[in-house]
Student: 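Next up is a structure, given as structure tokens.
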Amino acid sequence: MEWLYILMPISGVNIFWPGLIILGFGVGIIGGFFGLGGAWMVTPGLNILGFPMAFAIGTDVAQMAGKSLISTMRHGKFGNVDYMLGITMLVGTVIGVEIGAQMVMWLERIGSVDKVVRWLYVVLLISIAWLVFHDAAVRRRKEREAKAQHKELDASAVGIDWASRLQAIRIPPVVHYKHANITCSAWLPITVSFFTGWLAGILGIGGGLIRMPALVYLVGCPTHLAVGTDLFEVAISGLYGTASYAYKGRVELLAALVMLCGAAIGAQIGVVATKYVKGYGIRFVFGLAVIGCLVSVLCKLVEAEFPAWGWLLGPAATVDVLGFVTAISLYITVKMVQGAKAEIAAKWNVDRTFTPTMAPETRERQYKGWKKAVERSRAWEDT
């Protein structure tokens with residue numbers, strides 16, 4: 001089975017190359033769907049496949065930059081990117097990325113990079129999972145309360161509402177982001193981007209793992225716009241991070257290119273799927289993906305503490321990360337196909353029933369029926 005392994009010329013390790021393709025294609029779908037670079041799964045995934053942690057971080061940043069750029073262009077065509085908001089956030093992102101990268105080099109010198117980065121992942125993943133599911137639980141409670149009062153919950157209602165309080169802090173300059181319909185101090189997105197940039201540098205992620213939820217819960221950006229705007233940020237920060245890690249000799253370009261081939265195709269599927277699964281649908285599936293990644297990281301941490309169980313925990317971590325990436329990717333792909341089929345069928349019915357001699361009021365009624373059918377084909381609507 002030696003043909004299934006390939007020698008990486010820079011890091012000097014033998015890697016299971018089909019794992020790189022699965023990871024790249026799957027994370028391409030997931031990244032395009034959630035608005036993330038997918039590095040929060042790729043960095044531990046590369047480490048589990050055999051890369052030293054510093055190389056896993058640098059290589060992940062490189063493949064993430066190319067894939068996110070492709071996804072951003074696709075989201076831009078759908079109108080899901082607030083470029084002004086993204087440019088504002090670059091100020092904090094670049095500074096944070098460099099500080100994080102320097103910390104990784106320091107941790108590598110003292111021999112603590114693997115353990116520290118893994119524990120940071122555990123804390124971060126647990127926090128994100130709690131935030132997503134707590135938000136969904138609070139919103140469901142509000143829906144039940146409204147239903148008990150024979151009312152319908154406002155479509156703009158959310159579970160956790162920290163954004164409105166933070167937007168009320170009007171430290172100059174105050175900026176209105178027209179596309180996202182947000183008015184806030186420019187320091188709010190800059191502060192968020194600095195922290196996520198630091199995470200990008202130290203964890204080898206684009207920052208999207210926390211930036212997408214931060215845009216939703218802290219800045220107040222609608223979910224579908226948070227997805228596209230975040231990918232724009234991931235692409236820019238990823239390009240800077242790639243240059244920084246390449247200069248430090250921690251980027252395995254061969255692995256990055258293998259993964260990018262699969263990721264470029266997967267990203268197209270993920271982006272199109274956001275047409276049919278929006279709002280709390282995206283948030284819920286995102287939470288499940290976070291839990292799956294958390295399990296794989298915990299397996300590697302326990303393996304480091306109890307080497308005698310390595311025969312079980314090592315393969316378990318590999319199966320978990322690759323299996324979860326595959327499962328979530330299949331779910332997103334199925335939702336995209338179902339939504340597209342329903343939309344095409346509804347449009348075909350409308351085209352078949354519309355005739356040049358049809359009365360205007362009948363045409364309008366048929367058109368409204370078609371719109372409702374399309375909306376029903378989407379799993380959840382954005383809030």
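Predicted model, so just to flag it, every value in this text is computed and none were measured. These numbers come from the heavy atoms of this one structure, side chains and all, not from hydrogens, waters or symmetry mates.
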Student: Should Phe25 and Leu257 be regarded as members of a common hydrophobic cluster, given that ILVMFWY residues are connected when their side-chain heavy atoms come within less than 4.5 Å of each other, either directly or indirectly?
Tutor: no

Student: Please determine whether residues Ile87 and Met73 belong to a single hydrophobic cluster, defined as Ile, Leu, Val, Met, Phe, Trp and Tyr linked transitively by side-chain heavy-atom distances below 4.5 Å.
Tutor: no

Student: Side chains of Ile6 and Leu254, heavy atoms from C-beta outward: is any pair under 4.5 Å?
Tutor: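 Touching, per the 4.5 Å side-chain cut-off.
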
Student: If you take all heavy atoms of Phe51 and Ser11, which pair is closest and at what distance?
Tutor: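 Closest approach of Phe51 to Ser11, heavy atoms only: CE2-OG, 3.7 Å.
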
Student: For a quick test of reading the model, state the closest non-hydrogen atom pair linking Ile269 to Met336 and the distance between them.
Tutor: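 Where Ile269 meets Met336 most closely, the heavy atoms are O-SD, 3.7 Å.
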
Student: Which of these passes side chain to side chain contact (heavy atoms under 4.5 Å, CB included) with Leu120: Val123, Leu124, Val116?
Tutor: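 Of all the options given, the one that passes is Val116.
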
Student: According to a hydrophobic-cluster definition based on side-chain heavy atoms being under 4.5 Å apart (Ile, Leu, Val, Met, Phe, Trp, Tyr only), do Leu239 and Met259 belong together?
Tutor: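 In one cluster: no.
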
Student: Is there a path from Ile190 to Ile169 through hydrophobic residues (I, L, V, M, F, W, Y) whose side chains come within less than 4.5 Å of each other?
Tutor: yes

Student: With Arg141, which residues qualify under salt bridge (charged side-chain N to carboxylate O under 4.0 Å, His left out), at least two apart?
Tutor: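 For Arg141 the salt bridge (charged side-chain N to carboxylate O under 4.0 Å, His left out) partners, ignoring immediate neighbours, are Glu145.
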
Student: Show, in sequence, the C-alpha distance, side-chain angles and deciding distance for Val13 and Glu252, and conclude whether the side-chain contact (heavy atoms from CB on, under 4.5 Å) test is met.
Tutor: CA-CA 10 Å; Val13 296; Glu252 188 64 75; 5.9 Å; no

Student: Tell me every residue that passes side-chain hydrogen bond (donor to acceptor under 3.5 Å, both in side chains) with Thr333, counting only those two or more places apart in sequence or in another chain.
Tutor: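 With sequence neighbours excluded, Thr333 shows a side-chain hydrogen bond (donor to acceptor under 3.5 Å, both in side chains) to no residue whatsoever.
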
Student: To the nearest 0.5 angstrom, please state how far the CZ atom of Phe194 sits from the CH2 atom of Trp187.
Tutor: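 It is 12.0 Å, given to the nearest 0.5 Å.
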
Student: To check you understand the geometry: which heavy-atom pair defines the closest contact between Leu166 and Leu218, and what is its length?
Tutor: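 Here Leu166 and Leu218 meet closest at CD1-O, 3.5 Å.
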
Student: Please list all pairs passing the ring-ring contact (aromatic ring centres under 6.0 Å, His included) test where one or both residues lie in residues 253-274, with sequence neighbours left out.
Tutor: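 For residues 253-274, and leaving out neighbouring residues, there are no ring-ring contact (aromatic ring centres under 6.0 Å, His included) pairs at all.
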
Student: How long is the gap from OG1 on Thr72 to CG on Asn80, to the nearest 0.5 Å?
Tutor: 11.0 Å

Student: Does any pair with a residue in residues 3-15 pass salt bridge (charged side-chain N to carboxylate O under 4.0 Å, His left out), and if so which ones, sequence neighbours excluded?
Tutor: none

Student: Is it possible for you to say whether Ile171 and Phe195 belong to one hydrophobic cluster, with membership spreading through side-chain heavy-atom contacts below 4.5 Å?
Tutor: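 They do share one cluster, since a chain of ILVMFWY contacts under 4.5 Å joins Ile171 to Phe195.
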
Student: Does the side chain of Leu85 come within less than 4.5 Å of Leu225's, by heavy atoms?
Tutor: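 They are not in side-chain contact.
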
Student: Which distance, rounded to the nearest 0.5 Å, do you find between the SG of Cys221 and the CG of Asn181?
Tutor: 10.0 Å

Student: Which pair of non-hydrogen atoms, one from Ala246 and one from Val251, has the smallest distance, and what is that distance?
Tutor: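 Here Ala246 and Val251 meet closest at N-CG2, 3.4 Å.
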
Student: Evaluate side-chain contact (heavy atoms from CB on, under 4.5 Å) for Val81 paired with His179, printing each intermediate quantity in order.
Tutor: CA-CA 8 Å; Val81 183; His179 196 47; 6.0 Å; no

Student: For Tyr177, run the side chain to side chain donor-acceptor pair (under 3.5 Å) check against Thr229, Thr183, Thr88 and tell me which one passes.
Tutor: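 Single side chain to side chain donor-acceptor pair (under 3.5 Å) partner of Tyr177 among Thr229, Thr183, Thr88: Thr88.
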
Student: Do Leu23 and Leu49 pass the side-chain contact (heavy atoms from CB on, under 4.5 Å) test, and can you show the C-alpha distance, the side-chain angles, and the key distance before you say yes or no?
Tutor: CA-CA 10 Å; Leu23 204 56; Leu49 287 174; 4.3 Å; yes

Student: Minimum heavy-atom separation for Val219 and Ala163, please, with both atom names.
Tutor: C-CB, 3.9 Å

Student: Apply salt bridge (charged side-chain N to carboxylate O under 4.0 Å, His left out) to Lys248 and list each qualifying residue two or more places apart in sequence or on a separate chain.
Tutor: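 Residues passing salt bridge (charged side-chain N to carboxylate O under 4.0 Å, His left out) with Lys248: Glu98.
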
Student: Restricting to ring-ring contact (aromatic ring centres under 6.0 Å, His included), what partner residues turn up for Phe55, sequence neighbours left out?
Tutor: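 Per chain and number, Phe55 pairs via ring-ring contact (aromatic ring centres under 6.0 Å, His included) with no residue.
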
Student: Under the criterion side-chain contact (heavy atoms from CB on, under 4.5 Å), I'd like the reasoning laid out for Leu20 against Leu46: C-alpha separation, chi angles, the key distance, then a yes or no.
Tutor: CA-CA 8 Å; Leu20 291 177; Leu46 288 174; 3.5 Å; yes

Student: Identify the two heavy atoms, one from Trp3 and one from Trp17, that lie closest to each other, and give their separation to 0.1 Å.
Tutor: O-NE1, 2.8 Å

Student: Nearest 0.5 Å, please: how far is OG in Ser185 from CD in Gln167?
Tutor: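 These two atoms lie 11.0 Å from each other.
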
Student: Over 60° means perpendicular and under 30° means parallel, so classify the ring planes of Tyr83 and Phe232, tilted if in between.
Tutor: perpendicular

Student: When rounded to the nearest 0.5 angstrom, what is the spacing between CD1 in Ile29 and CD1 in Ile265?
Tutor: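 Atom-to-atom, Ile29:CD1 and Ile265:CD1 are 10.0 Å apart.
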
Student: Taking atom NZ of Lys341 and atom CD1 of Ile344, what is their separation to the nearest 0.5 Å?
Tutor: 9.5 Å

Student: CH2 of Trp198: more than 12 outside heavy atoms within 6.0 angstrom?
Tutor: yes

